[in-house]
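For reference, the structure discussed in these notes is given below.
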Amino acid sequence: MSHYRQATWQRRLCGAVCVLGLSIAPASADYSFVVEPVYGPQKAAEVYKPLVDYLAKATGEKFTLVTPKNYHFYWRDLRGNEKFDFALDEAHLADYRIARFQFVPLVHTAERQSYTLVTNVDLQDKGIEALVGRKIVCMGAPSLGYALLLGFYPNPIQQPDIESSAASWRDAVEAVFAGEAEAAMVPTWLKDQYPNLTPVKTSVEFAGAAVSAAPGVPEAIRSKVADALLKLDQDPALSNLLLELGISKFVPATAADYKGAEAMLKDFYGYQ
């Protein structure tokens, strides 16, 4: 083989190897990030887009926000272990993911979570019994607020009229002001923003909402996401996000923070 032909063959071989190398190089991963439907899909996209944008910038990874239509679809997908890489859930749903599908808790909101039944009706010191047969607005099952509200009324023949059509917890409050309901079940942090509403009863507290990762997410990616979320409160551009979520910051989470919380789901369809 002449020197010219050998050089040409070597160049072609090198080019083929380079092309092959490009063709088999791993594509950049796209991590799905599903959020509990405490807002309708459109509002959720507005609220949480800054969060996934921040994660992308802080980690160098790509994230796709998933905003379920409502709690019915969310619970269905959760029970079926629909493939999601990251999830933001309140305590009972976080515990379900951890216990059933080995999700790894990364961080949770610094504030513990409770719910308060509020009204602008004069109950004449009769407490929650005065709302039996009256309309209480709440988000749908199996939201934590709905589950806790059911726990307030264990007697099956002494029940309020629970209306679960609210598109957000703020919508539940607005229904009370509009005279469409006598009371609402809302996060306690939100209740504190409406001093003209009367608190009737506040639930027990749970660990704050958790961000967890599917077991298949590489540990290095989980660490980058956790580190970014722990620093989120240091970014002034995200102050509105924190305000909308009613939190000050994220702190490290462990499975022990949520152990047993999934028991709140036991009375809902599909729980096993």
Can you confirm whether the side chains of [X] and [Y] place a donor and an acceptor under 3.5 Å from each other?
X      : Y      : answer
Gln113 : Glu90  : yes
Ser203 : Ser114 : no
Thr119 : Thr198 : no

Taking only Lys NZ, Arg NE, NH1 and NH2, and the carboxylate oxygens of Asp or Glu, determine whether Glu205 and Arg112 approach each other closer than 4.0 Å.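 The answer is yes: the pair qualifies as a salt bridge.
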Ion pair present between Arg100 and Glu262, side-chain N to carboxylate O less than 4.0 angstrom?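 Salt bridge flag = yes for Glu262 with Arg100.
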May I ask you to decide if the ring planes of Phe86 and Phe33 are parallel, tilted or perpendicular, using 30° and 60° as cut-offs?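 Ring orientation of Phe86 relative to Phe33: parallel.
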Relative to the ring of Tyr48, is the ring of Tyr39 parallel (under 30°), tilted (30 to 60°) or perpendicular (over 60°)?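 Correct class here is perpendicular.
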Are there over 12 heavy-atom neighbours, none belonging to Phe177, within less than 6.0 Å of that residue's CZ?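 Result for CZ/Phe177: enclosed.
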Tell me whether the count of non-hydrogen atoms from other residues, nucleotides or ligands lying under 6.0 Å of NZ in Lys249 goes above 12.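 No, NZ of Lys249 has 12 or fewer neighbouring heavy atoms, counting only those of other groups under 6.0 Å.
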Applying side-chain contact (heavy atoms from CB on, under 4.5 Å), run through Leu150 and Phe268 and close with a yes or a no. CA-CA 11 Å; Leu150 290 182; Phe268 295 111; 4.2 Å; yes
Do the non-hydrogen side-chain atoms of His92 and Phe206 ever get within less than 4.5 Å of each other?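 The answer is no, as the side chains (C-beta and beyond) never meet within the 4.5 Å cut-off.
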Pair Arg79-Tyr269, side-chain contact (heavy atoms from CB on, under 4.5 Å): steps then yes or no: CA-CA 10 Å; Arg79 288 185 289 112; Tyr269 171 80; 4.1 Å; yes
Got a second to check how far Leu229's CG is from Thr109's OG1, nearest 0.5 Å?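 Spacing of CG (Leu229) from OG1 (Thr109) equals 11.5 Å.
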With rounding to the nearest 0.5 angstrom, report the CD to SG distance, Glu163 to Cys138.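 Answer rounded to 0.5 Å: 10.5 Å.
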Option from Asp89, Ile98, Leu93 for which side chain to side chain contact (heavy atoms under 4.5 Å, CB included) with Tyr258 holds: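 Answer after filtering Asp89, Ile98, Leu93: Ile98.
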Would you mind telling me which of Val217, Val211, Asp85 makes a side chain to side chain contact (heavy atoms under 4.5 Å, CB included) with Arg222?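 Result for side chain to side chain contact (heavy atoms under 4.5 Å, CB included) with Arg222: Val217.
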Trp189 ring center near Tyr115 ring center (under 6.0 Å):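 Ring-ring flag for Trp189/Tyr115: false, centres at least 6.0 Å apart.
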Expected output: side-chain Asp161 to main-chain Lys135 donor-acceptor under 3.5 Å: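 No: the side chain of Asp161 does not pair with the backbone of Lys135.
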Dump the intermediate steps for side-chain contact (heavy atoms from CB on, under 4.5 Å) on Val107 and Val251, then the final yes or no. CA-CA 5 Å; Val107 300; Val251 297; over 6 Å; no
Would you verify whether the NZ or CZ of Lys201 falls within 45 degrees of the ring axis of Phe152 while also being under 6.0 Å from that six-membered ring's centre?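 Because its charged atom sits under 6.0 Å from the ring centre and within 45° of the axis, Lys201 does stack over Phe152.
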